[in-house]
Number of protein chains: 2
Amino acid sequence: MKKPTSPSSKSVAAALGVSVATISRVLTRPDLVNEETRERVLRGIDRLGYRPNLAARDLRRGQTSTVLVVVPVLASFFLDILRGVEQAADERDFAVLMANTRADPNREATYFDQVASQRADGIILLTGQLPPGAASSSRNLPPLVLAAEGMANSNIPTVAVDHAGGAEEAVRHLLNLGHRRIAHLAGPDSVLSAGARLSGYRKALRAARVPFDETLVHRGYFTVESGSIGMHTLLRQHRPPTAVLCANDQMAIGAIRALASVGLRVPEDFSVVGFDDGELAEVYAPPLTTVRIPRFDVGYQSMMMLADLLSQKGPIRSLTLATRLVVRGTSMAPQSR
Amino acid sequence: MKKPTSPSSKSVAAALGVSVATISRVLTRPDLVNEETRERVLRGIDRLGYRPNLAARDLRRGQTSTVLVVVPVLASFFLDILRGVEQAADERDFAVLMANTRADPNREATYFDQVASQRADGIILLTGQLPPGAASSSRNLPPLVLAAEGMANSNIPTVAVDHAGGAEEAVRHLLNLGHRRIAHLAGPDSVLSAGARLSGYRKALRAARVPFDETLVHRGYFTVESGSIGMHTLLRQHRPPTAVLCANDQMAIGAIRALASVGLRVPEDFSVVGFDDGELAEVYAPPLTTVRIPRFDVGYQSMMMLADLLSQKGPIRSLTLATRLVVRGTSMAPQSR
DNA sequence: TTGAAAGCGATACCAG
DNA sequence: CTGGTATCGCTTTCAA
């Protein structure tokens with residue numbers, strides 16, 4: 001159980017009667033090496049169990065082939081994104097370092113240092129937030145891709161999601177079903193995507209000439225509990241709504257629980273639409289009507305974009321991925337009671 | 001937006017009129033440096049934005065302060081474990097590399113190489129499976145901690161979970177409620193913990209003198225669908241059970257859906273107990289009675305154990321974490337029909 | 001308490 | 001096509 005210290009290129013070279021340069025070339029530029037020599041070296045490497053020391057390689061090359069993925073919290077929303085990142089990283093031969101800021105800007109700053117320290121070549125930022133200092137001296141940020149959660153007027157390469165469009169489609173769905181009093185349980189003000197969803201909600205109402213009623217909008221924190229609280233508030237209204245668009249699936253579930261607790265059935269008495277189409281959505285009882293976010297793709301594309309950025313392959317074009325409404329069992333036409 | 005190449009210790013040293021050795025000492029052994037010099041250097045470092053090059057440090061020290069966490073799939077079960085790992089890593093100043101084998105043993109082998117290549121110092125293995133070659137030449141494994149999912153007769157340091165005990169408690173709970181025909185939707189044969197849960201199930205029955213009936217046990221794959229299929233099979237029995245223990249929460253949800261599809265209510269007509277107490281359990285409708293696995297602790301303790309292992313702090317003691325039955329809304333006494 | 005210098009293990013340039 | 005060697009940036013002896 002002791003660390004199997006791999007031999008160095010030097011010892012392998014000695015054992016095979018070649019120079020270290022040849023060893024290195026066989027591994028990195030095989031075309032430059034005579035076929036016979038190459039075979040022999042390859043066999044020797046295999047026999048001796050040689051593995052190049054990546055710390056040395058990184059030092060010499062000035063790069064690490066490692067990226068840092070920074071999430072605000074390790075919530076299930078990020079899981080599929082991580083899967084996408086991981087897959088792309090694998091394809092492009094990058095390793096993936098995980099960082100969790102727990103919403104602490106200081107920790108965020110520490111992670112940015114990791115690039116200056118050559119622990120990683122670049123960052124995929126899922127927090128939608130730069131560390132305190134970074135925003136001002138915006139001219140020397142590390143290679144960076146924003147994913148899922150963008151940032152207002154920055155020209156940082158971004159893999160965005162059309163949150164507004166998704167919300168709009170969801171509200172249109174409810175309108176088409178015949179709902180007119182449609183509420184919105186929004187996400188926190190500080191989160192850009194929450195704002196985008198809210199504006200999509202408003203846009204759909206406007207297009208349908210349904211006046212915006214601000215008493216029908218309540219802020220929450222993406223949690224089941226806040227969804228529940230928000231719903232209770234909505235129900236205390238003089239003229240309560242008949243449907244609600246929630247900022248994510250958790251809040252939708254909270255809303256459904258609140259409705260159930262006062263004896264209202266979903267969807268018969270009240271329609272609820274979530275956002276994300278996370279793991280719970282499909283299996284929940286009743287299964288959630290929700291807006292699907294292509295989470296895997298967000299991760300995959302972000303990693304690809306960062307890899308391109310690092311290899312300087314021409315200009316990077318930010319992109320916005322579409323969402324899609326998935327109609328399941330929590331929405332239907334309002335029943336006249 | 002260009003990579004902010006941090007100055008090297010050499011240039012900082014030059015700028016401050018000290019040697020590189022002093023820079024290094026200030027950062028790693030501050031007690032060896034004159035207070036005045038230290039202050040001055042610290043200020044200089046701050047002013048110049050110096051960050052030590054970790055690739056160089058790793059090379060020199062022969063270690064990376066990085067660990068590799070290997071999961072079989074990026075499923076939500078592993079999220080809290082990762083959180084625990086991440087937290088402990090943070091406390092012990094380790095970085096965390098993520099690896100996802102997608103159940104492919106070849107990929108597993110590649111990850112083991114990462115240690116020989118000095119990309120990481122050790123591995124936290126959550127797959128319960130060594131790569132093909134490693135098992136035989138067991139004498140030179142990398143520093144390794146098994147977490148959550150152990151391995152038969154290995155003496156590799158392990159943070160285990162008392163799966164059997166949890167299953168036993170769950171079945172005892174059902175027995176106490178008055179159930180006698182209790183089924184088990186088990187996990188795949190190949191997974192050790194699935195076997196442990198099965199044996200806990202049998203043990204509880206034996207203790208209660210309820211004969212074991214193998215037609216009441218069905219294998220699944222930890223998925224909602226397999227839980228559903230298993231439940232349907234059980235219901236086709238001559239004398240169907242009145243309760244079931246499932247190998248995880250997903251299967252429990254599958255079972256509940258199957259029951260609902262044939263008009264049986266949970267818990268009135270049928271009791272269902274899950275395993276894991278994952279994100280879904282508490283918010284599901286009805287909320288799941290399930291066996292809680294201390295996932296965060298599993299991750300936290302594994303990382304701590306690995307850190308101890310790497311720093312050679314005496315002998316490492318494997319440990320087993322307890323589970324706890326959480327009774328919610330899917331279990332009750334059988335109703336005589 | 002500080003500085004000079006060796007060396008970690010690769011890569012890549014320059015000769016041959 | 002191959003070998004010799006400078007070099008990446010740090011840590012750590014050894015001497016002063």
Side-chain angles (χ1 to χ4, degrees), chain A residues 3-42 44-45 48-66 93 113-119 121, chain B residues 3-42 44-45 48-66 93 113-119 121:
Chain A
K3 188 136 117 200
T5 270
S6 142
S8 67
S9 60
K10 199 159 141 196
S11 61
V12 175
L16 299 179
V18 296
S19 76
V20 293
T22 299
I23 304 287
S24 175
R25 276 191 289 255
V26 166
L27 256 22
T28 58
R29 314 280 318 268
D31 47 307
L32 296 182
V33 178
N34 175 296
E35 173 157 354
E36 209 173 319
T37 323
R38 196 196 322 153
E39 294 296 331
R40 197 160 58 83
V41 170
L42 248 15
I45 286 177
L48 300 173
Y50 169 68
R51 298 286 176 280
N53 182 318
L54 297 180
R57 172 182 290 176
D58 290 352
L59 172 58
R60 181 57 229 240
R61 297 221 254 229
Q63 51 157 45
T64 59
S65 296
T66 300
D93 283 316
D113 275 355
Q114 300 281 313
V115 174
S117 305
Q118 306 259 55
R119 183 160 304 301
D121 295 339
Chain B
K3 188 136 117 202
T5 271
S6 142
S8 68
S9 60
K10 200 159 142 196
S11 61
V12 176
L16 298 181
V18 297
S19 76
V20 293
T22 300
I23 305 287
S24 174
R25 277 191 286 255
V26 166
L27 256 24
T28 57
R29 313 280 317 270
D31 48 305
L32 296 184
V33 177
N34 176 296
E35 173 156 355
E36 209 173 318
T37 322
R38 196 194 324 153
E39 295 296 331
R40 196 159 57 83
V41 170
L42 247 15
I45 286 177
L48 301 172
Y50 169 68
R51 298 286 176 281
N53 182 318
L54 297 180
R57 173 181 288 177
D58 289 352
L59 172 59
R60 180 59 228 243
R61 298 219 254 225
Q63 51 156 50
T64 60
S65 297
T66 299
D93 283 315
D113 274 355
Q114 301 281 313
V115 174
S117 305
Q118 305 259 53
R119 185 164 299 303
D121 294 340

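In the text below, chain A, chain B and the rest are named by the order of the sequence lines, each starting its count at 1.
- Shortest non-hydrogen contact noted between B:L48 and B:P7 is O-CG, 3.5 Å.
- Between B:T64 and B:Q118, the shortest heavy-atom contact is CG2-O, 3.1 Å.
- Rounded to a whole Å, the CZ atom of B:R29 is 10 Å from the C1' atom of D:dT12.
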For this session: Might you work through the side chain to side chain contact (heavy atoms under 4.5 Å, CB included) test for A:L27 and A:Y50, ending with a clear yes or no?
Result: CA-CA 11 Å; A:L27 256 22; A:Y50 169 68; 3.6 Å; yes
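- Counting heavy atoms from C-beta outward, A:T28 and A:R61 have side chains that approach closer than 4.5 Å.
- B:S24 places no side-chain N or O within 3.5 Å of a backbone atom of B:V20 that could act as its donor or acceptor partner.
- Here the side chain of A:S19 pairs a donor or acceptor atom with the backbone of A:A21 at under 3.5 angstrom.
- OP1 or OP2 of C:dG9 has not a single side-chain nitrogen or oxygen of A:S8 nearer than 4.0 Å.
- A:R51 places its CZ atom 21 Å from the P atom of C:dC8, with the value rounded to the nearest Å.
- Rounded to an integer number of Å, the gap from CG of B:L27 to P of D:dG9 is 16 Å.
- Scanning for side chain to side chain contact (heavy atoms under 4.5 Å, CB included) contacts around A:V26 gives A:T22, A:V33, A:R38, A:V41, A:L42, with sequence neighbours left out.
- What separates CG of B:L16 from P of C:dT2 is a distance of 13 Å, to the nearest Å.
- To the nearest angstrom, P of C:dT11 lies 14 Å from CD of B:Q118.
- Under the 3.5 Å distance criterion, the side-chain polar atoms of A:S6 are matched with a main-chain donor or acceptor of A:R51.
- Atom CZ in A:R57 sits about 16 Å away from atom C1' in C:dC8, given to the nearest Å.
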Exercise. Could you write nucleotides 1-8 of chain D as a row of B, S and -, 5' to 3', where a protein heavy atom under 4.0 Å of any base atom gives B, of only sugar-phosphate atoms gives S, and otherwise -?
Worked result: SBBBBBBB
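- Computed from C1' positions of five pairs at each end, the angle between the two local axes of the helix from C:dT1-D:dA16 to C:dG16-D:dC1 equals 40°, rounded to 10 degrees.
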